[in-house]
Amino acid sequence: MKNLEVGIIGGAGYTAGELIRLLLNHPETNINFVYSTSNAGNKLYKVHQDLIGDTEINFTSEINRDVDVLFLCLGHGNSTAFLEKTSFSENTKIIDLSNDFRLLAHKNFDGKEFVYGLPELDKEAIKTAKHIANPGCFATALQLAILPLAANGLLQNDIHINAVTGATGAGTSLSATTHFTYRDNNFSHYKAFNHQHLGEINQTVNQLQSDFNSEINFMPNRGNFSRGIFATTYTKFDGSIEEAKKMYKDYYKDAAFTIVSDTDVHMKQVVNTNKCIIGLEKHGDKLLITSTIDNLLKGASGAAIQNMNLMYDFEETLGLNLKANYF
């Protein structure tokens, strides 16, 4: 099979930069174009400076409508607008990294059915999909923390989540809370109890456990680091820690990148990788689940490549065997 011809729409952001890096090193892909009207004619490395010496590709304002795979790295709400005015070959598969098609109410668009792209939830559906809605970064870390409980019908009480994300989670556009002077030596919460990724999380829980009617209490926080998500989740659990670990390891036994650890989990184990590492502790009647991911990789671009690999029957880990920045 020839290399897949790949197009990227919205090439200047953090997720696009990571996607380009992964695709340049993927043995089965060729970057056909990277679309960015504001950067057309500039070298990719003029924006993504870590790519200097790796590629001489320019951003372009031209679109090849016959590519094999199209990645949409647009801001939330913009993928819908883009696809309304731009058509592609019927053979083009689309992987959207925005939130436009993640919820069931929005998964059908202009004759396109988008499959929710969380491999640990529904790998077989991803393999046969033509259009993928890539999960959100917080949604990925938090769903992976509770999928085994939901799959076994064991979420019978409120769920409490405290999670912190790095500055890249806010994107490249500057705001009052993304400036260095705000983030440095600082910590803050935002969107308390109503973060947009709660819709995805509730949807998945109800898919696996239809009788779930408790609260998911989610407190997202901003950290003073660039990338990564570290989440602690707890809920009531009647079983022992041994039973919990067996359940989680059984659930994730075939997961390419989700690992259940027997030792303490920390974020440096996953930054710059496509891994999610999960730790479990039992405290009284509560199960504490720690989960950590790189928000730009397992939480975005790495997951998009993982989905592409599944869609084309490649080895699931192809192009994603990355070493963590541990030191």
Side-chain angles (χ1 to χ4, degrees), residues 118-121 135-152 154-155 157-166 168-169 187 189 192-193 195 197-198 200-201 204-205 208 214-253 255-300 302-303 324-327:
L118 186 64
E120 294 83 356
L121 175 67
C137 52
F138 267 135
T140 296
L142 306 185
Q143 287 176 100
L144 293 178
I146 59 176
L147 283 182
L149 291 169
N152 286 278
L154 296 175
L155 290 175
N157 295 276
D158 288 355
I159 303 167
H160 302 272
I161 304 165
N162 191 291
V164 57
T165 187
T168 53
F187 194 93
H189 81 273
F193 305 113
H195 193 279
H197 290 181
L198 274 171
E200 297 173 57
I201 299 166
T204 293
V205 169
L208 293 174
S214 299
E215 293 287 332
I216 299 179
N217 301 291
F218 175 32
M219 183 64 67
N221 300 285
R222 306 180 185 95
N224 66 339
F225 49 89
S226 293
R227 59 196 293 167
I229 287 175
F230 188 87
T232 51
T233 300
Y234 67 89
T235 189
K236 288 185 178 179
F237 177 71
D238 291 333
S240 66
I241 187 62
E242 291 78 18
E243 290 170 328
K245 286 183 177 180
K246 184 180 186 305
M247 175 176 59
Y248 271 71
K249 289 180 179 181
D250 285 347
Y251 187 89
Y252 289 121
K253 67 181 186 299
F257 294 104
T258 301
I259 301 106
V260 181
S261 175
D262 288 319
T263 57
D264 289 344
V265 172
H266 58 88
M267 203 172 64
K268 271 197 168 186
Q269 293 172 292
V270 300
V271 170
N272 198 48
T273 80
N274 199 51
K275 294 177 182 177
C276 174
I277 301 182
I278 293 173
L280 300 166
E281 298 177 19
K282 188 76 191 293
H283 296 271
D285 64 351
K286 298 179 182 65
L287 181 67
L288 172 65
I289 309 115
T290 303
S291 57
T292 185
I293 65 169
D294 184 313
N295 59 295
L296 294 179
L297 288 173
K298 185 59 173 166
N325 290 337
Y326 187 66
F327 50 82

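Source: prediction; values computed, not measured.
With hydrogens and angles disregarded, no donor-acceptor distance shorter than 3.5 Å links the side chain of Ser291 to the backbone of Leu142. Side-chain N or O atoms of Glu200 include one that pairs as donor or acceptor with a backbone N or O of Gly136 at under 3.5 Å. Formation of a donor-acceptor pair under 3.5 Å by the Thr292 side chain with backbone atoms of Ile229 is found in this model. At distances below 3.5 Å, not a single donor-acceptor pair connects side-chain atoms of Tyr248 with backbone N or O atoms of Ser261. In this structure a side-chain-to-backbone donor-acceptor pair under 3.5 Å is present from Asp158 to Glu215. Not a single donor-acceptor pair under 3.5 Å links the side chain of Asn272 to the backbone N or O of Ala324. Side chain of Tyr252 to main chain of Leu144: a donor-acceptor pair is present (N/O by atom type, distance under 3.5 Å, no hydrogens or angles).
Within the 4.5 Å cutoff, no side-chain heavy atoms of Leu297 are placed close to those of Val270. Residues Ile278 and Ile289 form a side-chain contact, since some pair of their non-hydrogen atoms from C-beta on lies under 4.5 Å apart.
Contact between Met267 and Arg227 at its shortest, heavy atoms only, is CE-O, 3.8 Å. Taking all atoms of both residues into account, the shortest heavy-atom contact from Asp294 to Thr273 is CB-O, 3.6 Å. Phe237 and Leu287 get closest at one heavy-atom pair: CB-CB, 3.6 Å. In terms of heavy-atom proximity, Ala163 sits nearest to Ala231 at CB-CB, 3.6 Å. Scanning all heavy atoms of the two residues, the minimum distance from Thr140 to Pro135 falls at OG1-CB, 3.5 Å. The heavy-atom pair separating Thr258 from Glu120 by the smallest distance is OG1-OE2, 2.9 Å.
Checked against salt bridge (Lys or Arg N to Asp or Glu O under 4.0 Å), Asp264 has no partners two or more places apart in sequence or in another chain.
Note that NZ of Lys245 is 8.5 Å distant from CD of Glu281, once rounded to the nearest 0.5 Å. Atoms OH and CG, from Tyr234 and Asn162 in turn, are 9.0 Å apart once rounded to the nearest 0.5 Å. Taking OG1 from Thr235 and CG from Leu154, the interatomic distance works out to 10.0 Å, rounded to the nearest 0.5 Å. The line from CG of Asn274 to CG of Leu296 is 11.5 Å long, rounded to the nearest 0.5 Å. Atom-to-atom distance recorded for Ile159:CD1 and Ile146:CD1 is 4.5 Å, nearest 0.5 angstrom. Separation of atoms OG1 (Thr165) and CD1 (Ile293) is listed at 8.0 Å; rounding is to 0.5 Å.
Heavy-atom contacts from other residues, nucleotides or ligands closer than 6.0 Å to CG of Asp238 number 12 or fewer. Annotation for Lys249: atom NZ counts as buried by contact number, over 12 foreign heavy atoms lying within 6.0 Å.
Taking 4.0 Å as the cut-off between side-chain N and carboxylate O, Lys282 and Glu243 do not count as a salt-bridged pair.
Between Phe138 and Phe218, the ring planes are perpendicular. Angles over 60° get that label, and only those under 30° would be called parallel.
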Run the side-chain contact (heavy atoms from CB on, under 4.5 Å) check on Thr290 and His266 step by step: do they pass? CA-CA 9 Å; Thr290 303; His266 58 88; over 6 Å; no
